[in-house]
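Below you'll find the structure, written out as structure tokens, and then a few comments.
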Amino acid sequence: MPRDTLTPERIVHAAIELLDDEGLDGLNMRSLAKRLDSAATAVYWHIKTKDELVRLASDAIWYEIEQPDLDATDWRTAATIQATGMHAMLNRHPWLGQAFGSHLMHGPGQARHDDLSLAIYEKAGFTAADADRAAATVLTFVLGSALGPAAEVSLKRRLSKNGADAEQLMTDAMARATETAQRYPRLRERLGTPAASQYAAAPDNTFEFGFQSILDGFEARLTGGRVGPSDPRTD
């Protein structure tokens, strides 16, 4: 592909595909240029560094998240739509969680999402400062909920690159973890249920349960329900 047919948008789209396939460690300008049927120098003509490429790719995928219409729905529904969309996006692109810890992340896609998050919790009735805290709480929860699947993808990729049978190694590790868990009564009881196919597997609907519990807590604060001891209203 000649250099003049490349655009930053096409490069970023190819970078996202490469990141999805190979993770952050697999992204380099040579591999990206090969995917684009171009020369690495042509890619550098448009985007100067790998760090900038990761930032642009990361920001682009924030646009995949559905942004609810606050004029047409209540705040809890809007919060659920947004958080569920973010969780799904992180599962589609497991490298993003890793990128948060290794790259400077900013851009209009993420800013658009963050601004609507604040609007959702302000609509709920929080002050501006508490809306900021609520949005940060949800962001932290969603990122944490996506960490397990992302780590599994990264681990399988690393094991496979080392020439190992990743699936078998993970199966063996889970068998040993299950054997250890049998020594502890609550873990042993859980492992005896049909829902617990293996140790460390999250129960079904864990994300939904946790997120709705957070919203229940928000609602309790807003309606004068019970608050924690650290709340200034209890001092």
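- Contact record, Thr73 with Pro68: CG2-CB, 4.5 Å, taken as the closest heavy-atom pair.
- Ser58 places none of its side-chain heavy atoms less than 4.5 Å from the side chain of His103.
- Atom CZ of Phe207 is separated from atom CG of Asn91 by 9.0 Å, given to the nearest 0.5 angstrom.
- To the nearest 0.5 angstrom, Asp25 atom CG is 10.0 Å from Glu22 atom CD.
- Heavy atoms only, all atoms of each residue included: Ala124 and Leu222 are closest at O-CD1, 3.5 Å.
- Checking Thr80, Leu70, Leu215 one by one against Trp75, the side-chain contact (heavy atoms from CB on, under 4.5 Å) holds for a single residue, Leu215.
- Distance check: Phe141 CZ to Phe211 CZ gives 8.0 Å after rounding to the nearest 0.5 Å.
- The main-chain N or O of Lys34 is never found under 3.5 Å from a side-chain atom of Ser38 such that the two would form a donor-acceptor pair.
- The nearest pair of heavy atoms linking Met86 to Leu139 is CE-CD1, 3.1 Å.
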Tell me, with the steps shown, if Ser117 and Gln82 meet side-chain hydrogen bond (donor to acceptor under 3.5 Å, both in side chains). CA-CA 8 Å; Ser117 293; Gln82 192 188 50; 2.8 Å; yes

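- The side-chain contact (heavy atoms from CB on, under 4.5 Å) test applied to Ser213 returns Phe209, not counting sequence neighbours.
- To the nearest 0.5 angstrom, Trp45 atom CH2 is 12.0 Å from Leu6 atom CG.
- At least one side-chain heavy atom of Leu118 sits less than 4.5 Å from a side-chain heavy atom of Asp132.
- For Asp59 (side chain) and Gln110 (main-chain N/O), a donor-acceptor pair under 3.5 Å exists by modelled atom type.
- Atom-to-atom distance recorded for Glu17:CD and Leu32:CG is 10.0 Å, nearest 0.5 angstrom.
- Under the 4.5 Å side-chain heavy-atom criterion for grouping Ile, Leu, Val, Met, Phe, Trp and Tyr, Tyr63 is not connected to Met89 through any hydrophobic cluster.
- A side-chain contact (heavy atoms from CB on, under 4.5 Å) with Leu27 is found for one member of Asp21, Ile16, Leu18 and no other, namely Leu18.
- Note on residues 68-89: pairs passing salt bridge (Lys or Arg N to Asp or Glu O under 4.0 Å), not counting sequence neighbours, are Arg76-Asp216, Arg76-Glu219.
- Looking at Val138 and Tyr121, their side chains come closer than 4.5 Å, going by heavy atoms from C-beta outward.
- Counting all heavy atoms, side chain and backbone alike, Ala60 lies closest to Val12 at CB-CG1, 4.1 Å.
- Annotation: side chain of Leu116 is in contact with side chain of Ile120 (closest heavy-atom distance under 4.5 Å).
- In the displayed structure, His106 atom NE2 is contacted under 6.0 Å by more than 12 heavy atoms of other residues, nucleotides or ligands.
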Run the side-chain hydrogen bond (donor to acceptor under 3.5 Å, both in side chains) test on His93 and Glu64 for me, step by step, so that the C-alpha distance in whole Å, both residues' side-chain angles and the decisive distance to 0.1 Å come before the verdict. CA-CA 11 Å; His93 308 291; Glu64 297 178 9; 2.9 Å; yes

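- Heavy-atom minimum distance, Trp95 versus Gly23: CB-CA, 4.4 Å.
- Once rounded to the nearest 0.5 Å, the distance linking CG of Leu96 with CD1 of Ile61 reads 4.5 Å.
- In this structure the side chain of Leu53 reaches within 4.5 angstrom of the side chain of Met29, judged on heavy atoms.
- Pairing each heavy atom of Phe126 with each of Ala131, the nearest pair is CB-N, 3.6 Å.
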Ile81/Thr77 under side-chain contact (heavy atoms from CB on, under 4.5 Å): CA gap, chis, key distance, verdict: CA-CA 6 Å; Ile81 290 171; Thr77 300; 3.9 Å; yes

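- Remark: side-chain polar atoms of Asn205 are not paired, donor with acceptor, to backbone N or O of Glu208 under 3.5 angstrom.
- Listed by first and then second residue, the salt bridge (Lys or Arg N to Asp or Glu O under 4.0 Å) pairs that reach into residues 109-130 are Asp130-Arg133, sequence neighbours excluded.
- In terms of hydrophobic clustering, with Ile, Leu, Val, Met, Phe, Trp and Tyr side chains grouped at heavy-atom distances under 4.5 Å, Leu143 and Met105 are assigned to a common cluster.
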